[in-house]
Amino acid sequence: MSVKKFVVGCFDDEAVLFPAVKKVRKAGYKLHDIYTPFPMHGLDHAMGLRDTSLHTAGFIYAITGTTTALGGISWVFTKDWPLNIGGKPHFALPAWIPITFELTVLFSAVGMVLTFCYLCQLAPFLKKHHFHPRATDDQFVMVIECNEKTNEDEVKSFLAQAGAKEINVQNAETGWWLGRYDKDTMPFQVRKEKTAFE
Amino acid sequence: MSSFKEQFEIPGRFRNISFALMAVGIVSVIVGFFMYGSHEPARFWATMLHNSVFFLLITNASMFFICATTLAMGSWQLAFRRVPEAISKCVIPLGIIALIVLLCIVLGDQHHIYHWLDKEHVQHDTILKGKAGFLNPTFFIVWTLLSIGLWIALGHKMRQLSRYLDENPLASVAEGKKYVFKSTIWSALFIVWFALTVASVTPWLWLMSIDAHWYSTMYSWYTFASSFVSGMSLIALFVIFLKNRGYLEVVTEEHLHDLGKFMFAFSIFWCYLWFSQYMLIWYANIPEETIYFKPRVQGAYRAIFFLNLIVNFFTPLLLLMRRSAKRNYTSVAILAVIIIFGHWVDFYQMVFVGPFKEHVDLNLFDFGVAAGFVGLIMFSTGRALAQAPLLAKNDPFFKESVIHHT
């Protein structure tokens with residue numbers, strides 16, 4: 001994980017936010033992310049994010065569930081412990097379909113929840129830097145990543161022109177770390193003096 | 001709005017193809033009548049029953065779609081609402097044809113198709129005697145007349161409400177609310193009648209009574225799912241056709257995506273009902289119930305039975321699963337054709353196994369009659385599309401549909 005410098009701009013209107021996103025991308029600044037209080041239709045498209053691969057993962061989990069169910073049941077009922085149930089053939093496919101369906105759904109649901117948590121870096125005791133607490137309330141928080149060559153004053157004035165209400169510069173850890181929010185330790189603040197551009 | 005192509009003009013080729021198909025249909029009916037009419041009338045009437053009922057139900061599904069989305073306060077369908085409206089207008093000619101066919105079968109005493117028409121036989125048959133209060137010509141004819149008549153009448157009212165706005169734009173919010181309330185009431189009436197007909201009694205009479213001794217509580221839902229998924233495919237086909245000709249500018253991939261979702265989801269719903277009906281009967285293994293599946297699964301219709309499952313479930317499931325497939329005009333169009341054909345085959349095995357258990361006799365006569373109905377749907381829908389502006393632009397929800405985003 002690394003500590004980077006970010007310019008953070010808060011917007012209070014989505015009608016201002018969308019053109020701002022367009023302007024930022026056109027100017028060539030690197031959008032780190034945008035934090036919004038609610039899911040916004042079309043924002044992913046405006047930011048130029050690629051489609052999530054969560055559904056592909058879901059499909060793979062689902063067929064894993066299907067094969068697990070069909071393989072398991074058919075092994076048990078035809079090879080390992082064949083039982084005569086109501087005079088049905090040992091390979092009684094129609095009777096297995098509901099269980100196969102359930103396992104398909106179970107595997108894909110659980111797998112997708114875990115994958116989603118992994119992709120969003122969400123887990124108990126896992127901490128990520130919050131750029132602005134009001135991103136969960138009423139502000140759309142746009143975060144622009146800087147490198148050594150970025151002139152942050154230029155970015156700040158650019159965001160102000162684009163309509164940001166509150167602008168600041170933060171040094172923040174890009175990844176996650178173990179910790180708790182009530183006993184706050186911020187490893188990047190301890191390491192702050194080591195960074196290249198301070 | 002003036003820059004939009006609102007007025008559909010029937011292309012010459014489209015008209016020619018529809019006339020050619022109708023001619024094929026008429027020739028097939030005449031040839032079929034002389035081939036089978038005298039010595040094997042059941043064969044002729046079964047084909048007519050299969051095709052007229054199938055195509056009537058899939059065109060009627062369009063009006064169900066309009067009413068269901070209206071009741072749900074849906075807006076996304078308004079960009080292409082005139083298309084299902086035009087398709088639902090086919091219910092008038094197709095309903096009349098189906099009515100004639102059904103009346104000919106019942107009044108012509110075709111007891112090879114409907115066993116319960118044979119009065120002498122019913123006297124010695126305890127099961128059919130018990131059902132005689134329901135399965136008798138009077139009830140059949142009255143219910144058929146009511147079904148088709150009210151589909152036409154209520155559908156006409158729905159189309160009229162939508163068309164009225166074209167000349168009389170809504171002047172105020174209060175007027176808009178009044179319009180929404182009125183269309184809600186009329187679509188609710190249609191939905192209730194649809195539930196009493198397509199989703200319950202009508203398939204029992206028209207289709208399930210071919211196997212008069214047998215019954216299934218899933219049957220009408222199964223028929224409904226079959227006709228609805230084909231109806232959605234038909235709407236998608238006409239939307240894509242109009243898009244290709246440069247009409248319907250406001251319809252985008254987003255609308256196509258939703259139509260694709262309907263085709264995908266209802267293919268799964270169809271299979272769910274298919275399986276619910278099959279598995280319970282397979283599991284219980286009671287002779288009077290398994291009699292329905294015996295010729296289908298183990299007899300002459302085995303290939304059609306499994307083809308049905310592959311075409312109507314596995315093909316849409318695997319090919320329409322991807323988001324990009326539902327947003328692609330070509331793939332949706334191909335799958336729509338496959339789905340309509342698949343459910344035509346599904347209806348074939350619903351109708352034909354009863355009177356012809358021994359062998360499958362699917363020949364050019366069936367395909368010719370089907371072609372005739374396809375031509376009739378093309379002709380009638382094309383004409384209805386040309387009669388009204390293609391955009392229901394004065395509807396209060398129209399703007400929502402234009403900016404629709406999935």
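FYI, side chains are in, hydrogens and waters are out, and symmetry mates aren't considered; it's all heavy atoms of this structure. If you're wondering where the values come from, they're calculated on a predicted model, not measured in any experiment. Every chain is numbered from 1, with letters handed out A, B, ... down the list of sequences.
Summarising the local packing, CZ of R327(B) is surrounded by more than 12 heavy atoms from other residues, nucleotides or ligands at distances under 6.0 Å. Residue F275(B) places its CZ atom among more than 12 non-hydrogen atoms of other residues, nucleotides or ligands, all under 6.0 Å distant. Residue L119(A) qualifies as enclosed at atom CG: its count of foreign heavy atoms under 6.0 Å is above 12. Within a 6.0 Å sphere centred on CZ of F116(A), heavy atoms belonging to other residues, nucleotides or ligands number 12 at most. The environment of OH in Y215(B) is sparse: at most 12 heavy-atom neighbours from other residues, nucleotides or ligands sit within 6.0 Å. With a 6.0 Å radius and a threshold of 12 heavy atoms from other residues, nucleotides or ligands, E288(B) has its CD atom above the threshold. More than 12 heavy atoms of other shown residues, nucleotides or ligands fall within 6.0 angstrom of atom CZ in F306(B).
Taking 4.5 Å as the limit, every side-chain heavy atom of P94(A) sits out of range of all side-chain heavy atoms of Y283(B). Residues D51(A) and R323(B) have side chains in contact (heavy-atom distance under 4.5 Å, counting atoms from C-beta outward).
I97(A) CD1 to C271(B) SG: the interatomic distance, rounded to the nearest 0.5 Å, is 8.5 Å. One finds the CZ atom of R322(B) at 7.5 Å from the NE2 atom of H55(A) (value rounded to the nearest 0.5 Å).
With a threshold of 4.5 angstrom between heavy atoms, F101(A) does not approach chain B through any atom at all.
Across every non-hydrogen atom of M279(B) and P98(A), the tightest pair is SD-CG, 4.0 Å. W282(B) and A92(A) get closest at one heavy-atom pair: CH2-CB, 3.6 Å.
For residues 38-50 of chain A, a heavy-atom distance under 4.5 Å to chain B picks out H41(A), G42(A), given by residue number.
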